[in-house]
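Presented below is the structure to which this report refers.
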Amino acid sequence: MTKKIVALAGDGIGPEIMAAGLQVLAATAEKIGFDYQVEEKPFGGAGIDAVGHPLPADTLAAAKEADAILLAAIGGPQYDLAPVRPEQGLLAIRKELELYANIRPVKIFETLAHLSPLKAERIAGVDFVMVRELTGGIYFGDHILEEDKARDINDYSAEEIERIVRQAFEIASRRRKLVTSIDKQNVLATSKLWRQVAEQVAKDYPDVTLEHQLVDSAAMLMITKPSHFDVLVTENLFGDILSDEASVLPGTLGVMPSASHSANGPSLYEPIHGSAPDIAGQGIANPVSMILSVAMMLRESFGREEGAERIEQAVDAAFKEGVLTADLGGRASTQEMTEAIIKNL
Ligand code: NAD
Ligand code: IPM
Ligand code: MN
């Protein structure tokens, strides 16, 4: 059966890296016999420009019908003062599709280890997965801005906590079997509930260890001993901040993919970085974050492990040949990087 993939290129470097991701998908599909069609739709700033909305109705309808969604990046300075922002489209699609589980793997490519701001001995062996709650918490509570005061509401139900913590345990049970749950239970009520629910879920996974970390010390540990972590799980805002922190460990945002899952609808795959307006239009963006998102899609939405592995190994091989974009200290263009990966598939 032909799989339907909706592609949302978005803004800034989005269209450049989406084109790269789709080229690699096409080349991989040919090798492994994967039958698919791609529908490209406006989203983010491109949606605002096209129809005045960052998540056009037609784009949302196509996404809901899709077998999987690829998203590149949205946003840009030209929308900073606009009444409606591209970011609202991103939050809306996550909420509409109930993409509550955001999975952000962090691992170090051996060839790129020297790019890490951390010392070699600290970065050795880093391989963990950030599991971020994506459809609740302070992001989706009321935001009340008055003239001289403001309020943002952080809300979590036990059910919302349970399903994301369960995802973390499922992932950990296939890995090193350590879940680090991150909260701020010395201050926040939502965190107290979070910790209780995590303890409950842990009972169903006797061979997985659960530990708790306060978010401030977890931020420290991520620099002082990042190899300690296996699977981290945390609420929306903490997960946003910690995953950008985690993303500096490999030395660039440009190699970091992610997956977002719901209970039974289509999943969405996107780089964790933004639209990089500072380098957009120059053909020098690193496409690897998008290309590895395509690999995650093949594995997690379509069960095509072989395709995912071919892509991941081809990326590694291209790096080893010294084909590197500017953020990796090289001179390769987006297209040259993409071609080197395709050649190594
Ligand atoms: P950013 O992630 O776009 O860029 C941060 C830095 O990393 C920049 O110097 C950029 O050039 C570099 N970078 C990012 N991706 C790269 C790549 N693939 N190759 C090479 N270099 C890369 O963050 P920002 O500048 O704070 O945000 C820009 C816009 O993106 C904002 O409008 C923000 O809201 C939006 N944003 C969108 C998403 C998303 O689409 N999921 C995520 C984060 C930020
Ligand atoms: C991300 C981004 C988004 C977030 C922004 C653009 C709304 O930073 O995907 O991490 O905060 O979730
Ligand atoms: Mn973020």
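We count ligands from 1, going down the list as the structure has it; atoms in each ligand are counted the same way.
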Can you sort out which atoms of ligand 1 are near [X], meaning under 4.0 Å from one of its heavy atoms?
X   : answer
L90 : 39 (C), 41 (N)
G76 : 32 (O)
G75 : 32 (O)

At what distance is the nearest protein heavy atom to [atom], and which residue and atom is it?
atom                    : answer
atom 2 (O) of ligand 1  : G274 N, 2.7 Å
atom 9 (O) of ligand 1  : D278 OD2, 2.8 Å
atom 4 (C) of ligand 2  : Y139 OH, 3.5 Å
atom 29 (C) of ligand 1 : S275 OG, 3.4 Å
atom 5 (C) of ligand 2  : L90 CD2, 4.2 Å
atom 7 (O) of ligand 1  : L253 CD1, 3.5 Å

**Complete:** The atom name of the N, O or S atom in D240 nearest to the Mn ion (ligand 3) is OD1
Nearest-option assignment for [atom], heavy atoms, candidates [options]:
atom                    : options               : value
atom 15 (N) of ligand 1 : M290, E87, H273       : H273
atom 40 (O) of ligand 1 : V288, T325, I74       : I74
atom 21 (N) of ligand 1 : D240, I17, N286, I279 : I279
atom 12 (O) of ligand 2 : H273, R85, R94, E87   : R94

**Asked** Can you tell me if T180 and E211 form a side-chain donor-acceptor pair at under 3.5 Å?
**Response** yes
**Message:** Can you confirm whether the side chains of Q196 and Q200 place a donor and an acceptor under 3.5 Å from each other?
**Reply:** no
**Message:** For the residue pair K107 and F109, would you count it as a cation-pi contact if the rule is NZ or CZ under 6.0 angstrom from the ring centre and within 45 degrees of the ring axis?
**Reply:** yes
**Asked** Distance under 6.0 Å and angle within 45° of the ring axis: does R304 meet both against F34?
**Response** no
Part of [X] with heavy atoms under 4.0 Å of ligand 1, whether side chain, backbone, both or neither:
X    : result
I284 : neither
T252 : neither
P277 : side chain
D327 : side chain

**Any R104 heavy atom less than 4.0 Å from ligand 2** = yes
**Asked** Mind checking whether R132 has a heavy atom under 4.0 Å from ligand 2?
**Response** yes
Answer yes or no: does atom [atom1] of [X] have more than 12 heavy-atom neighbours from other residues, nucleotides or ligands under 6.0 Å?
X    : atom1 : value
E245 : CD    : yes
R175 : CZ    : yes
E121 : CD    : yes
E110 : CD    : no

Is it true that [X] and [Y] make a salt bridge, defined as a side-chain N closer than 4.0 Å to a carboxylate O?
X    : Y    : answer
D240 : R132 : yes
D183 : K192 : no
E306 : K31  : no
D127 : R176 : no

**Prompt:** Counting only non-hydrogen atoms of the protein, does one fall under 4.0 Å from atom 18 (N) of ligand 1?
**Reply:** yes
**Asked** Distance below 4.0 Å between atom 24 (P) of ligand 1 and any protein heavy atom?
**Response** no
**Item:** Proximal atoms of ligand 2 relative to D240 (non-hydrogen, under 4.0 Å)
**Value:** 1 (C), 4 (C), 8 (O), 10 (O), 11 (O)
Contact (N/O only, under 3.5 Å) between [X] and ligand 1:
X    : value
S289 : no
A276 : yes
E270 : yes

**Complete:** Nearest heavy-atom approach of V255 to P250 is CG2-CB, 4.1 Å
**Prompt:** Which heavy atom in Y269 sits nearest to a heavy atom in H261, and how many Å separate them?
**Reply:** OH-CE1, 3.6 Å
**Prompt:** Is the side chain of D142 donor-acceptor paired with the backbone N or O of I144 at a distance under 3.5 Å, no angle test?
**Reply:** no
